Student: 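Pasting a structure below so you can have a look.
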Amino acid sequence: MSRAGKRVYYFGYYVFGMGLLLLFISNLLLPIVNVPTTDEVWIRLVGMLLLVLGLFYRVVGKNNFLPGIHLTLVTRSLAFFVILGFIYFGFISWVIFLFWLGDLAGGIWTWRALKADQNDLVEE
């Protein structure tokens, strides 16, 4: 695996883990980010989507699928700014931003690894 592939692959574990938590113990997590607990299914659907997304990241990373790696950088950056907008307009608590800082750090880590991989190819 390339450096960028490894970053995306390992980030997939984080996303997959968040999906498991939301799927099975969402009401323990929701109060942490100032979201009311719920018995509605929507939060578990979000957990299921995160499970699928986590698997996607792992397959993209393991196979060094460059278009997918680039897409993760675009979508993670977009999500970061959407979350900032949600906070600004008062739709969600700023506490959720703490989770997105991890996503931002992972995106920067992946971007730097992708640049290093590209530099290695140029040098060869």
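All values derive from a computational prediction rather than experimental measurement. Residue numbers count from 1 along this sequence.
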Student: For Phe65, give me all partners under ring pair (Phe, Tyr, Trp, His ring centres under 6.0 Å), at least two apart in sequence or on another chain.
Tutor: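 With neighbours one apart ignored, the set is empty.
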Student: Strictly by salt bridge (Lys or Arg N to Asp or Glu O under 4.0 Å), give each pair with a member in residues 9-21 just once, sequence neighbours left out.
Tutor: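 Checked against salt bridge (Lys or Arg N to Asp or Glu O under 4.0 Å) - neighbours excluded - no pair reaches residues 9-21.
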Student: Any pair with a residue in residues 88-108 that passes salt bridge (Lys or Arg N to Asp or Glu O under 4.0 Å), sequence neighbours left out, goes on the list, sorted by first then second residue, please.
Tutor: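 Listed once each, the pairs are Arg76-Asp103.
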Student: Do Tyr14 and Leu28 share a hydrophobic cluster (ILVMFWY, side-chain heavy atoms under 4.5 Å, transitive)?
Tutor: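 Same cluster: Tyr14 reaches Leu28 through Ile, Leu, Val, Met, Phe, Trp or Tyr contacts under 4.5 Å.
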Student: Taking the side chain as every heavy atom from C-beta outward, state whether Val59 and Leu55 have any pair of such atoms under 4.5 Å apart.
Tutor: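 Heavy-atom side-chain distance check fails, nothing below 4.5 Å.
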Student: Can you check whether Leu66 reaches Leu114 side chain to side chain, under 4.5 Å on heavy atoms?
Tutor: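 In short, these two side chains touch, coming nearer than 4.5 Å.
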Student: So do Leu30 and Pro36 actually touch side chain to side chain, heavy atoms under 4.5 Å?
Tutor: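 When only atoms from C-beta onward are counted, Leu30 and Pro36 do not touch, as no gap falls below 4.5 Å.
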Student: Would a distance-only check, ignoring hydrogens and angles, find a side-chain to backbone donor-acceptor pair under 3.5 Å from Ser93 to Ile96?
Tutor: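 Side chain of Ser93 to backbone of Ile96, a donor-acceptor pair under 3.5 Å: no, none is there.
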Student: For Arg3, is there any backbone N or O sitting under 3.5 Å from a side-chain donor or acceptor partner on Arg7?
Tutor: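 The answer is yes, because a donor-acceptor pair under 3.5 Å joins these two groups.
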Student: Look at atom CH2 of Trp111 and say whether more than 12 heavy atoms of other residues, nucleotides or ligands are closer to it than 6.0 Å.
Tutor: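 12 or below, so no.
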Student: Measure the acute angle between the ring planes of Phe80 and Phe97, then classify it against the limits of 30° and 60° as parallel, tilted or perpendicular.
Tutor: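 Ring orientation of Phe80 relative to Phe97: tilted.
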Student: Pair Phe16, Tyr13 - check ring pair (Phe, Tyr, Trp, His ring centres under 6.0 Å), show working.
Tutor: CA-CA 5 Å; Phe16 190 86; Tyr13 280 109; 7.8 Å; no
